[in-house]
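These figures come from a predicted structure and were not determined experimentally. For the numbers below, each heavy atom of this structure counts, side chains included, while hydrogens, waters and symmetry mates do not.
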Amino acid sequence: MTKIINLSDFADGAVAERVNIELQKALENLADPNTDPKKARTITVKITMKGDDKRDLANVTVTANTKLAPAKDIETRIVLDRDGRGKVVGQELKSGAKGQTFVDDDGDVSSDTGEKIISFKKQGGSNQ
């Protein structure tokens, strides 16, 4: 079979360059920890040809598009409560369970919503 075009050289290498740009986008999306690694990424190369009236020449357009995986949903939990006037209020749950205290990243004891209950820095503790 006779080779009509060489994709590496087609349009002075612009087609190969465009495919490589789209491939780079797909690779970066695959490496992004905020996306699902198992979702498929696709690169579509579309070659459109239109002939002239004499049918001796064709105008060719090449497009390359990448379909990337969307960022994963971010999930969190909000503790619901009411303020002194009965209005519903909420704060993000930091401890993992409503009503449970935890040791925060600073080594202090915090409420379930992250408010410090015991700060060892203020008490002159050994926490640095």
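- The pair Lys72-Asp36 fails the salt-bridge criterion, with no side-chain N (NZ, NE, NH1 or NH2) lying under 4.0 Å from an Asp/Glu carboxylate O.
- Contact annotation: the side chain of Asn65 never approaches that of Ile43 to less than 4.5 Å [non-hydrogen atoms, C-beta and beyond].
- Closest non-hydrogen pair, Val62 versus Val45, comes out as CG1-CG1, 4.0 Å.
- Side-chain contact between Ile117 and Thr101: present, with at least one pair of heavy atoms (C-beta onward) separated by less than 4.5 Å.
- For Asp112, there are no salt bridge (charged side-chain N to carboxylate O under 4.0 Å, His left out) partners two or more places apart in sequence or in a different chain.
- Leu80 and Lys98 get closest at one heavy-atom pair: O-NZ, 3.8 Å.
- The shortest side-chain heavy-atom distance between Phe10 and Val60 falls under the 4.5 Å cut-off.
- No side-chain heavy atom of Thr113 sits under 4.5 Å from any side-chain heavy atom of Glu92.
- A 4.5 Å side-chain heavy-atom check between Arg41 and Thr35 finds at least one atom pair inside the cut-off.
- Judged by distance alone, the side chain of Asp83 and the main-chain N or O of Lys87 form a donor-acceptor pair under 3.5 Å.
- At a threshold of 4.5 Å between non-hydrogen side-chain atoms, the residues Val15 and Glu17 do not count as touching.
- Residues forming a side chain to side chain donor-acceptor pair (under 3.5 Å) with Gln24 (at least two apart in sequence, or on another chain): Glu28.
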